[in-house]
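Below is one structure, written out as structure tokens; comments come after it.
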Amino acid sequence: MRPISRGRTGTSETRSVPGDGSRTRRPMSSPQDAAQVAQPYPLSTLRHSVSHLMASAVAKLYPGAQFGFGPAVENGFYYDFDVAVPLADEDLRKIEKEMARSAKRAAPMTRIEVTRDEAKRRLAAKGQHYKIEAVDLIPEGETITFYSHGDWEDLCEGPHIDSFQRPFYFKLLSVAGAYWRGDEKRPMLQRIYGTAFWSQEELDAHLKWMEEVKLRDHRKLGTELDLFSVHGEAGGGFIFWHPNLGAVRRSIEEFWWEVHTRRGYKPVYTPHVSRETLFSISGHLEKYADLMYAPMEIEEQPYRVKPMNCPGHIMIYKTRGRSYRELPLRWAELGTVYRYERSGVLHGMLRVRGFTQDDAHIFCTPEQLADEIAGVVDLVHTTLSTFGFEYTAYLATRPEKSIGEEAVWAMATEALKRAAALKNLPLELDEGGGAFYGPKIDFKIRDALGREWQNSTIQCDFNLPQRFDLTFTDKDGLQKRPIMVHRAILGSMERFVGGLIEHFGGRFPLWCAPTQVAVIPIREEHTEYCQSLEARLQHALFRVDAKLAPGHMNTKIKEAQHDRVPFMLIAGDREAAEGTVAVRRRDTREQVVMPFAEFLALAEDLRDRRALDLGETTTARVAS
RNA sequence: GCUGCUGUAGCUCAGCAGGUAGAGCACUUCCUUGGUAAGGAAGAGGUCACGGGUUCGAUUCCCGUCAGCAGCUCCA
């Protein structure tokens with residue numbers, strides 16, 4: 001299906017939607033992909049064919065163009081070109097027009113088989129040296145084919161649609177650089193992304209979905225809702241959390257500590273800077289040197305800012321002898337780490353240089369491993385479902401380059417499997433995807449827009465306990481080595497909250513919304529009553545925005561709507577006299593009048609059980 | 001880091017073939033006392049990202065730096 005993209009698998013085909021910034025946040029198929037009506041060819045075949053059509057248009061418009069690969073991808077297709085001039089958006093429109101013309105002119109697509117030499121001869125005749133290289137990537141013994149339409153032909157395994165006479169709808173979306181064969185040491189080509197569908201409706205729906213993605217972009221909402229900022233003066237990749245997002249984070253942290261405390265985790269705090277020695281014992285200096293910041297000198301000793309929290313937790317473990325009686329130890333830290341990321345990869349809150357992991361380490365015996373992992377699986381479920389995420393779990397097994405005895409790997413992998421089985425967690429297999437120091441379970445969550453990202457992880461580690469010579473005294477009096485489990489559920493506060501902004505489109509559930517209740521007086525003389533509402537709400541620990549400044553009620557309602565405040569309480573003569581409030585929920589224009597105490601009880605209930613919705617009111621009368 | 005693009009008021013953006021700038025929203029003040037998404041008027045706000053260069057003169061042209069955007073490569 002993607003013959004000419006042989007040699008490239010996976011990652012790049014997940015990047016077709018603008019606004020996507022990281023591999024851990026791949027856009028999945030938009031809903032339209034699934035909705036297509038029965039066609040003789042899969043959508044990907046159409047898209048791949050359309051990429052050929054695009055290539056032929058580029059060949060015509062930009063003589064001398066060299067061609068790379070042009071596969072169908074998740075949400076469309078791309079083709080890489082080496083053309084002398086940088087392509088801009090206007091060029092895309094030009095190419096689209098030429099595509100439409102040549103689709104009419106040169107409708108049928110035909111396939112021919114050639115020998116390896118013939119293939120190279122044909123490509124050499126056109127001076128297509130990337131394509132000649134591509135021929136060499138085709139395994140010996142495989143049939144080599146060209147597909148053509150009109151006077152354009154392309155090395156390609158197919159399949160393709162039979163003819164551009166079939167109705168189809170396409171759009172070219174963006175252009176950006178891409179290294180030839182994904183190798184940064186090779187020349188950079190220009191990649192044009194596009195998409196195609198069988199019907200105009202599907203194309204429109206997809207474009208609309210892309211618009212929605214753009215509207216929800218956490219960077220856009222970050223400005224619009226006064227959530228966070230980054231500053232040139234402070235350097236890229238460092239997030240400044242504004243009070244609004246601070247409130248969101250605090251709520252999440254409280255929730256996080258709550259569920260962790262329930263599961264027997266204890267808080268620890270470790271320094272941000274340590275002597276380099278610590279990281280050379282841990283091996284980070286060697287393994288992760290390129291992501292660590294340069295040393296700073298303190299009294300002639302090199303110190304480093306921490307890229308990970310684990311060595312710190314290990315220091316605590318090692319302060320005294322440990323008995324089997326006290327295992328498992330579960331130590332948690334919202335630990336802020338700093339990692340060097342190349343400037344070009346920084347992306348809002350999703351890819352930064354300083355971030356806070358919701359980290360924890362479990363020190364346990366091999367016998368305890370499965371139960372401990374099962375506990376984390378529970379915790380992952382509790383946490384993710386609170387935000388309305390569905391997820392898939394992947395068991396990542398031993399990679400080629402790894403350390404540790406086979407028996408230990410087998411034991412830990414078995415423990416992961418057993419834990420999953422215990423919790424009825426289906427596991428997909430990620431063969432050889434484990435860390436070099438142990439197997440793991442990764443969780444991929446699916447957000448409200450159908451995009452997938454990876455945050456939660458449970459990793460067994462045989463390496464660090466060994467490097468730091470961790471021991472515990474077992475029942476039999478022998479010194480034994482504990483297993484260390486690294487686990488993060490949210491991943492990092494930055495990435496998780498950045499993703500949450502998009503998942504909720506800025507409309508946070510009540511429990512973590514920046515402002516939870518707006519109080520709006522109808523006239524200035526209702527200020528006093530509104531102040532009393534504000535005080536009572538604040539006393540109940542709600543974040544309240546009492547809009548008491550002079551100004552019109554309508555404007556205040558508009559502001560609260562803009563800020564996506566879950567509840568608006570509006571109060572005038574009647575409400576002040578009766579001790580009631582007119583409650584208006586976000587996303588509806590309806591209001592219900594109820595006694596303030598009733599509202600308070602309702603809101604507290606929604607908040608305290610961290611409901612995703614804003615509830616319903618059945619008892620109160622609808623305001624006239 | 002690489003390729004391409006971008007940086008003008010708090011935000012969204014005009015403008016300038018080189019003669020130091022404008023709109024809407026937001027903000028301030030005054031008027032408006034309004035029952036569910038923008039009442040009216042006036043005002044304030046800019047070293048046109050920063051540093052060099054070319055020029056009589058640079059926000060505009062050139063170079064560099066910083067930051068951002070779309071990707072590539074790599075990760076929570």
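Sequence lines set the chain letters: A, B, ... in the order given, protein chains first and strands last, and positions in each chain run from 1.
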Pick base, sugar-phosphate or nothing for [X], based on heavy-atom distances below 4.0 Å to the nucleic acid.
| X | value |
| --- | --- |
| A/A176 | base |
| A/D573 | base |
| A/G491 | sugar-phosphate |
| A/E341 | base |
| A/V337 | nothing |

Practice item. Classify the angle between the aromatic ring planes of A/H347 and A/H218 as parallel (below 30°), tilted (30 to 60°) or perpendicular (above 60°). Key: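 A/H347 and A/H218: tilted rings.
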Answer yes or no: does a side-chain N or O of [X] lie under 4.0 Å from OP1 or OP2 of [N]?
| X | N | answer |
| --- | --- | --- |
| A/H347 | B/rA70 | yes |
| A/T356 | B/rA76 | no |
| A/R219 | B/rA70 | yes |
| A/R353 | B/rC75 | no |
| A/T555 | B/rA38 | no |

Measure the distance from [atom1] on [X] to [atom2] on [N] and round it to the nearest whole Å.
| X | N | atom1 | atom2 | result |
| --- | --- | --- | --- | --- |
| A/Q357 | B/rC75 | CD | P | 15 Å |
| A/D183 | B/rU73 | CG | P | 10 Å |
| A/L350 | B/rC69 | CG | P | 10 Å |
| A/R339 | B/rC75 | CZ | P | 11 Å |
| A/Y78 | B/rG71 | OH | P | 13 Å |
| A/L172 | B/rG71 | CG | C1' | 16 Å |

Any non-hydrogen side-chain atom of [X] less than 4.5 Å from a side-chain atom of [Y]?
| X | Y | value |
| --- | --- | --- |
| A/N455 | A/L490 | no |
| A/K287 | A/F436 | yes |
| A/F567 | A/L614 | yes |
| A/L533 | A/V544 | no |
| A/D447 | A/E452 | no |
| A/T580 | A/M594 | no |

Is [N] paired to anything, Watson-Crick or G-U wobble with both distances less than 3.5 Å, and if yes, which nucleotide?
| N | value |
| --- | --- |
| B/rC48 | none |
| B/rG1 | B/rC72 |
| B/rG18 | none |
| B/rC61 | B/rG53 |
| B/rG10 | B/rC25 |
| B/rA37 | none |

Exercise for review: Using a cut-off of strictly less than 4.0 Å between a heavy atom of the residue and any atom of RNA chain B, enumerate the qualifying residues of residues 226-236 of chain A by number.
Suggested key: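 Contacts with RNA chain B under 4.0 Å: A/G232, A/G236.
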Check your understanding: Given that A/G354 and A/G348 both sit by RNA chain B, which one's nearest nucleotide is further toward the 5' end?
Key ->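 Its nearest nucleotide lies further toward 5', so the answer is A/G348.
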Revision key, fill the gap. Closest to the 5' end of RNA chain B, once A/K440 and A/G551 are matched to their nearest nucleotides, is A/G551
Can you find a donor-acceptor N/O pair under 3.5 angstrom joining the side chain of [X] to the base of [N]?
| X | N | result |
| --- | --- | --- |
| A/R589 | B/rU36 | no |
| A/R342 | B/rC74 | no |
| A/R181 | B/rC72 | no |
| A/H552 | B/rU33 | no |
| A/K558 | B/rA38 | yes |
| A/R186 | B/rC72 | no |

Point to revise | Pi stacking test for A/F355 and B/rA76: under 5.5 Å apart, planes under 30° | key: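 So yes, this residue stacks on that base, both cut-offs being met.
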Would you tabulate the pairs of protein nitrogen or oxygen atoms and nucleotide nitrogen or oxygen atoms of nucleotides 41-50 of chain B closer than 3.5 angstrom?
none

Point to revise | Single hit among A/E524, A/E534, A/E559 for salt bridge (charged side-chain N to carboxylate O under 4.0 Å, His left out) with A/K547 | key: A/E559
Check your understanding: Do A/E502 and A/R451 sit within salt-bridge range, that is, some charged N less than 4.0 Å from a carboxylate O?
Key -> yes
Side chain of [X] - closest among [options]:
| X | options | answer |
| --- | --- | --- |
| A/Y340 | B/rA37, B/rC72, B/rG1 | B/rG1 |
| A/I557 | B/rA70, B/rG39, B/rA37 | B/rA37 |
| A/V345 | B/rU33, B/rG39, B/rC72 | B/rC72 |
| A/E184 | B/rU36, B/rA76, B/rU73 | B/rU73 |

**Study point:** A/F387 ring center within less than 6.0 Å of A/H503 ring center
**Key:** no
**Study point:** Output field: ring centroids A/F77/A/Y79 closer than 6.0 Å
**Key:**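 Ring-ring flag for A/F77/A/Y79: false, centres at least 6.0 Å apart.
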Whole-Å [atom1] distance, [N] and [M]:
| N | M | atom1 | result |
| --- | --- | --- | --- |
| B/rC27 | B/rC11 | P | 15 Å |
| B/rC13 | B/rA17 | P | 23 Å |
| B/rA76 | B/rG4 | P | 30 Å |
| B/rC61 | B/rU55 | C1' | 10 Å |
| B/rU3 | B/rG10 | P | 33 Å |
| B/rU73 | B/rC66 | P | 24 Å |
| B/rA67 | B/rC50 | C1' | 10 Å |
| B/rA49 | B/rC30 | C1' | 37 Å |

Honestly, is [X] close enough over [Y], meaning NZ or CZ under 6.0 Å from the six-membered ring centre and within 45° of the axis?
| X | Y | result |
| --- | --- | --- |
| A/K440 | A/Y394 | no |
| A/R191 | A/Y78 | yes |
| A/R249 | A/W241 | yes |

Review point. Are any side-chain N or O atoms of A/Y293 and backbone N or O atoms of A/R339, one a donor and one an acceptor, separated by less than 3.5 Å?
Key: yes
Study note, to complete from the structure: Whether each nucleotide of nucleotides 4-15 of chain B has a protein heavy atom under 4.0 Å at its base (B), only at its sugar-phosphate (S) or at neither (-) is summarised, 5' to 3', as S------S----
Study note, to complete from the structure: Checking A/E333, A/H486, A/R487 against A/H361 for side chain to side chain donor-acceptor pair (under 3.5 Å), the one that qualifies is A/H486
